Amino acid sequence: MADTKRTDKQVAKAGPPARADVAHATVQESPVADVFSDRHPSRSERKWAESALARTLEKAPEKPIGAPSGINLDEHGRARYSTISGYPVRRLYTQADLPEDWKYDDYLGYPGQPPYTRGIHASGYRGKLFTMRQFSGFASPEETNERYKYLLTHGGTGLSVAFDLPTLMGYDSDHPCSEGEVGKCGVAIDSLEDMEILFNGIDLENVTTSMTINSGASVLWAMYLVVAEKQKADWTKISGTIQNDILKEYIAQKEYIYPPAPSMRLVIDTFEFGSKFTPRFNTISISGYHIREAGSTALQELAFTIYDGVEYVEWARRRGLDVDEFGPRLSFFFNAHSDFFEELAKYRAARKIWYRLMKDRFGATHDRTRLLRFHTQTAGVSLTAQQPMNNIARVAIQAMAAVLGGTQSLHTDAHDEALALPTADAARIALRTQQIIAYETGVAQTIDPLGGSYFLERLTLDMEKGAFDYFDKLDAMGGMVKAIERGYPQKEIAEASYQYQRAVEKREKVIVGVNDFTIEEESPTILYIDDSVEKRQTDKLKNLRQRRSNDEVRRRLDALKIAAAQEPQVKADGTISDANTMPYIIEAVRAYATVGEICDALRDVYGTYEEASIT
């Protein structure tokens, strides 16, 4: 029989010994009970909680941030606090919130050394600042070229191409499906001629370019490479990134063309080609951004994004590619949302997780293969159409989190992007936000300055653990492609999105200017793209088809279809597979085949994909 004797102090805290249930309830109902729950506070912390904290809470009970209901109250009616993602937040973090064996060398390490929690560069931003890469593209190639030169003139250090919806979906501007969409959400690119105009007067050997394109990534990348070739640029010296992340399209953004298996084949073709011919160009940007924009939590963004990376590596190895050849050109793309510390923890955990996976799961031996390099964009989904100037503050805070988290490049949203594509003035303010962070705040002078914070380290550890828990589930399903076919990540994101939206509608999560602090206001001036772009692009296509050799185009497209129908095999001599589609796409581009014509050739071989209903 257990000994029920207690000291007077124990009884005072826990209640009479004969009523264990009452004792338990008394402890749980204490306003300082959370200090002792699932942790072992030091003597001094216990003393603080039982005296100073208890007295303060008795005089002034804590109040929730937002409506006092639902997620903002615990079972005793007291205030509950959580991140945007719903992760519970304590009022104070101390050594008691870290593992008992927590040591700096084991859990953190130094910048530029495994496990890279504190950053991949030993000198941080002192050797090279993050690239200021503003995502931009609208209307025609001519107009977007002017915007690029404007941004570079005002201090931009990289370019990022936003394509319109027809281009993203592999249609030319004169296709019936393109009607009403040409140039509206990005720049219209139909052919090599448009790509030449887009980069006219811009030296591609001396500027890095990111291109947000997925299903048609190999086609637009081929166009970029041919433009560089026409500029006499050396392919081994040009640098940049193609997004090329088809998995996140099936999960979140839904801009897919072909079924998953042939789409993955096209991605691996770019890995193989890039490792041989463009060693400085990232052949993929594995993107959590759109997963987060679809409504995921920070943890889901982290887990699904990195596991997408796992899936790409698995498919490449299945092809017979060496992880240390293609691995160094894998890059990532994360969202920067408004919950400052949660975002910081996500970036730090991502580096640590990727290092573990590449080292232990895939046996990568080169240090560079084990590094997680990432681009960040501030959260478009957080921008509000109401009181849009407030978005300047949101973007600045989000960008600061990205920089403190060690991003390699950064895009800051313009304040008017909830309403339309940004005006030139709004784009300049967004760029200036990055410059102020880089040159005025001092945050680029030291590495991971919040490292060692008990709160941040606890969040980082929990992000890491949560991600590996998701990995176990995804492994059990047979990988990400199988999980997508079952609708698993889609359902997880949909549920998280629903829970957050419900909290917003109940004002349990406050959005300034939307569900609180609202005002009457006039509509702002925005950028308007009219339908004249569609007519100009259609006329250009008509003229192009009259000038080019259509027989040559047909020959090149027929050759592409033959290659696409074959199974690529790695060759013993180290050259790329005879069935790799990239050389055939490049030849079609050189003949001035259009985006739509090349994608149609691949549609003839692979068919198209329609998502099954998910319930």
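Scope of the values below: all heavy atoms of this structure, side chains included, with no hydrogens, waters or symmetry mates. Please read all numbers here as calculations on a predicted model, not as lab measurements. Throughout, numbering of the chain's residues begins at 1 and tracks the sequence.
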Residue pairs meeting side-chain hydrogen bond (donor to acceptor under 3.5 Å, both in side chains), one or both in residues 333-342, sequence neighbours left out, come to T83-E342, S85-E342, E293-N335, S338-Q398

Taking every heavy atom of N214 against every heavy atom of D245, the minimum-distance pair comes out as OD1-N, 2.8 Å

Are a donor atom and an acceptor atom from the side chains of R80 and N72 found within less than 3.5 Å of each other? no

Worksheet item: R370 side chain to A364 main-chain N or O, any donor-acceptor pair under 3.5 Å?
Response: yes

Notebook entry, point to check: Is any NZ, NE, NH1 or NH2 atom of the basic residue among E505 and R502 found under 4.0 Å from an Asp or Glu carboxylate oxygen of the other?
Noted result: no

For L57 and P31, the nearest pair of non-hydrogen atoms, with its separation, is CD1-O, 3.6 Å

- Message: Between D472 (side chain only) and D469 (backbone N and O only), is there a donor and an acceptor less than 3.5 Å apart?
- Response: no

message: One thing to verify: whether D308 and K248 come together as a salt bridge, which I'm taking to mean a side-chain N less than 4.0 angstrom from a carboxylate O.
response: no

Closest non-hydrogen atoms of L410 and Q134, given as atom of the first, atom of the second and distance, are O-OE1, 4.1 Å

Look at the aromatic rings of H411 and F135 and report parallel, tilted or perpendicular, splitting at 30° and 60°.
-> perpendicular

Should L371 and Y116 count as side-chain neighbours, where that means a heavy-atom distance under 4.5 Å?
yes

*Would you say the side chains of Y470 and Q300 form a donor-acceptor pair under 3.5 Å?*
yes

Are K352 and Y355 in a cation-pi contact, defined as NZ or CZ under 6.0 Å from the six-membered ring centre and within 45° of the axis? no

Test item: S136 side-chain N/O and A162 main-chain N/O as donor-acceptor pair under 3.5 Å: no

Given the options Y488, W354, F332, F471, Y307 meets ring-ring contact (aromatic ring centres under 6.0 Å, His included) only with F471

Salt bridge D462-K465, side-chain N to carboxylate O under 4.0 Å:
no

Q: Give the C-alpha distance, both sets of side-chain angles, the deciding distance and a yes or no for side-chain contact (heavy atoms from CB on, under 4.5 Å) between L383 and V395.
A: CA-CA 8 Å; L383 302 178; V395 166; 3.9 Å; yes

Practice problem: Check the pair S123 / K128 against side chain to side chain donor-acceptor pair (under 3.5 Å), numbers first and verdict last. | Solution: CA-CA 9 Å; S123 62; K128 183 180 184 297; over 6 Å; no

- Would you confirm whether N391, through its side chain, and H415, through its main-chain N or O, come within 3.5 Å as a donor-acceptor pair? yes

In this structure, CD1 of I246 is separated from CD of E255 (nearest 0.5 Å) by 9.5 Å

Kindly indicate, with the supporting measurements, whether the criterion salt bridge (Lys or Arg N to Asp or Glu O under 4.0 Å) is fulfilled by R361 and E314.
CA-CA 10 Å; R361 180 164 179 156; E314 294 282 12; 3.3 Å; yes

In short, salt bridge (charged side-chain N to carboxylate O under 4.0 Å, His left out) pairs touching residues 434-451 with sequence neighbours left out are R118-D448, R348-D448

>> Q243 vs S287, test: side-chain contact (heavy atoms from CB on, under 4.5 Å). Steps then yes/no.
In response: CA-CA 8 Å; Q243 192 161 104; S287 304; 3.4 Å; yes

task = For residues Q377 and R292, determine if any side-chain heavy atom of one lies less than 4.5 Å from a side-chain heavy atom of the other.
result = no

Item to check | Y93/Y454 under ring pair (Phe, Tyr, Trp, His ring centres under 6.0 Å): CA gap, chis, key distance, verdict | outcome: CA-CA 5 Å; Y93 286 78; Y454 295 124; 8.9 Å; no

Check: Distance only, no hydrogens: is a donor on one side chain within 3.5 Å (strictly under) of an acceptor on the other, for E508 and S69?
Finding: yes

Open item on the list: Quick one: does any side-chain atom of R39 pair with a main-chain N or O of L98 as donor and acceptor, under 3.5 Å?
Closed with: no

Contacts satisfying salt bridge (charged side-chain N to carboxylate O under 4.0 Å, His left out) that involve residues 411-423 (not counting sequence neighbours) are none

